K.L.:
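Supplied in structure tokens, the structure appears directly below.
Residue numbers start from 1 in every chain, and the chains themselves are labelled A, B, ... in the order their sequence lines are given, proteins ahead of strands. Only a predicted model underlies this, so the values are computations on that prediction, with no experimental measurement involved.
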Amino acid sequence: MDAAEPPAWIAVGRTARTVVVVLLDAGAAEQSREEIEPARLASWIADAEARWAPRWVWHDTPQWYGALLADGIRVARCHDLRLCHAILRESALVDDAAAVRRAVEWDAAPSVDAEDAAPALFELEQAQQPTGPPADADAAVAEFLRQRAAVEVSPEASRLRLLLAAESAGALVACEMRAAGLPWDAAAHDRILVETLGERPRGGGQPAKLAAAADRVRAALGDPTASLDSQPKLLRALHRAGVLVESTSRWELAEQRHPVIEPLLEYKKLSRLAAANGWTWLADWVADGRFRPVFVPGGVVTGRWASSGGGALQLPRQLREAVRADPGWRLVVADVAQLEPRVLAAMSSDTALAAAARGRDLYAGIVDSGAVATRQEAKIALLGAMYGATTGESGRLVPRLRRAYPRAMGLVDDAARVGEDGGVVSTWLGRSSPAPSPEWSAAQSRATEAEASGAEEARARRWARDRGRFTRNFVVQGTAAEWALAWLADLRGRLAALPPVSPEHAAPRSGPAFARQPHLAFFLHDEVIVHTPAEHADAAAEAVTEAAASAGRLLFGSFPVDFRLDVRTSETALKD
DNA sequence: TACTGGTGCGCG
DNA sequence: AAAGCGCGCACCAGTA
């Protein structure tokens, strides 16, 4: 593995029986290539990482990195071809995306079980990959060159490079968080379930408190066999009892006065907990004291992560008590206060909004500016502006923000207008919204024809406004996701650079080697949880804070906006 | 039996 | 029954 100059990139790909590595210089010219026996691969990669710290180029991070982590190997940087392809093929910052778009094989989603198959990645027999992007080295290099070409000719190359690096770093973090898991106290979870729902019945059936709530509902309805889990049946039963609601949603029920309401709301609350995060969930998703969800970077059109299985991004507040650090360890829980409005202030260079946010609760700052009277009003107005509210209290308050913060409001209003006209909008770093569907466009052009019906015109208008609200929010939500990726990536590096922990903490119960150091354990749009030995908790908390400031500078340079964090260090992930 | 669409609720 | 964005999941009902 000698090379004249250190490789800046190393592309990896599989053949039927071996792995091919391709060393590329900083200009992406090939220096050399080598075929590696699967048994030697892990140590080869570990050596190359230590020697050159290259950026690893591979087709799909979970399939490569999952196996490496299982072998105790961590890498600092990668370029995830599949994720970067998805960004570049749509980005309006790319002048000529034709070549990238033609490579349709890179549009394929990886097979669902690819991640679980990862530990077997280098076993001889697994050569077939039924779906997903190509896994061989030649395809990887070719796609990498196409992507580089698309980026390098763009006038916005530096933004795109940052976005691709952040997206790829996120892919590494997602794999690592799955490998490390979120420390989960099953006994504490069980206690919460027993307290809330009652003892778990041995032979199946409903727990006592849930059954009792159901009985009270049926008694109040005067209908001992009423079905509570079927929306149509429940609705009919309510009507028979004289509760004339149009839906069975909590919101509408709460406005009614009838003896059935209180027990019904109670029943809904309990049955939700039992169904979504009850004993079945605990058995399915928690093992060895860890909750291991599948994070899906880039899973949302805006660039936010999605999750698959376990409902990782919907952890109910009620269960946060069950998130519990290992003995001698701590959790550093940090979330950003009003991330999206701060991002909006920065990307629109709205110094007034940034000033309202600086060093304090942003909503309080808006109140102080005199635009609205109360914190609640400020919150409703700002959310309404970013989501496109037109009616109700929110719709009434938005015009006042428009006067106070014309630049910020102008940015989201413009994004809405572009979307209504069928155009494409982009985030700060260059992730673009999808083009309108053919059905959408057809409806719009149909509505302009002379013989279009009133109904057709109304539908086209409604769809246009729907799309306007989507693009309005896309620019803010998507840029906030970019900030969060930069935060994660920077934090990951800082945590990895902390000094080694003392020996008594160096070997916790189980898990990958990096999890013996302070490490990221959870991420939720604007929140991170770091699991750390107690002796490093202060350093980890400091790293979280510094990473946030660093992310702000990386995206917005010296623009004077701050990203305030609420940071708590404790043994559980409980909030307030 | 496997699917799809509707409903409702959890999260940001 | 939300208004006003983005998700995932469970459950039911209707259909293939």
K.L.:
To the nearest Å, how far apart are A:Tyr267 OH and B:dG8 P?
P.N.:
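A:Tyr267 atom OH is separated from B:dG8 atom P by 15 Å.
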
K.L.:
Is any side-chain nitrogen or oxygen of A:Ser249 closer than 4.0 Å to OP1 or OP2 of B:dG8?
P.N.:
no

K.L.:
Which residues in residues 409-441 of chain A have at least one heavy atom lying under 4.0 Å from any atom of DNA chain B?
P.N.:
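Going residue by residue through residues 409-441 of chain A, none turns out to have a heavy atom under 4.0 Å of DNA chain B.
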
K.L.:
For a quick check of understanding: with a heavy-atom distance under 4.0 Å over all strands, which category does A:Arg472 fall into, base, sugar-phosphate or nothing?
P.N.:
nothing

K.L.:
Less than 6.0 Å separating the ring centroids of A:Trp279 and A:Trp285?
P.N.:
no

K.L.:
Is the distance from the ring center of A:Phe523 to that of A:Trp487 below 6.0 Å?
P.N.:
no

K.L.:
In whole angstrom, give me the gap between the P atoms of C:dG4 and B:dT4.
P.N.:
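Those two atoms are separated by 31 Å.
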
K.L.:
Between A:Ser432 and A:Glu90, do the side chains contain a donor N or O and an acceptor N or O under 3.5 Å apart?
P.N.:
no

K.L.:
Which pairs pass side chain to side chain donor-acceptor pair (under 3.5 Å) with one or both residues in residues 382-404 of chain A, sequence neighbours excluded?
P.N.:
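Only A:Arg402-A:Asp413 qualify under side chain to side chain donor-acceptor pair (under 3.5 Å).
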
K.L.:
Whether A:Arg324 and A:Asp185 form a salt bridge (side-chain N of Lys/Arg under 4.0 Å from carboxylate O of Asp/Glu) is what I want to check.
P.N.:
yes

K.L.:
Any ion pair linking A:Glu266 and A:Arg272 (charged N to carboxylate O, less than 4.0 Å)?
P.N.:
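Not counted as a salt bridge, because no side-chain N and carboxylate O are separated by less than 4.0 Å.
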
K.L.:
Does B:dC9 have its OP1 or OP2 closer than 4.0 Å to a side-chain nitrogen or oxygen of A:Lys268?
P.N.:
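Looking at the OP1 and OP2 atoms of B:dC9, one of them is under 4.0 Å from a side-chain N or O of A:Lys268.
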
K.L.:
Assign a letter to each nucleotide of nucleotides 4-16 of chain C from its 5' end: B, base within under 4.0 Å of a protein heavy atom; S, sugar-phosphate only; -, no contact.
P.N.:
BBBSBSSSSS---

K.L.:
Determine which nucleotide pairs with B:dT4, using a 3.5 Å limit on both distances of a Watson-Crick or G-U wobble pair.
P.N.:
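Result: C:dA13.
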
K.L.:
Centre of A:Trp463's six-membered ring, under 6.0 Å away, within 45 degrees of the axis: is that where NZ or CZ of A:Arg461 sits?
P.N.:
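Relative to the ring axis of A:Trp463, which defines the angle, A:Arg461 lies outside at least one limit.
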
K.L.:
Using a cut-off of less than 4.0 Å, is there contact between a side-chain N or O of A:Lys575 and OP1 or OP2 of B:dG12?
P.N.:
yes

K.L.:
Kindly indicate whether the side chain of A:Trp305, heavy atoms from C-beta on, has any atom under 4.5 Å from the side chain of A:Leu485.
P.N.:
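Of all side-chain heavy-atom pairs linking A:Leu485 with A:Trp305, at least one is under 4.5 Å.
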
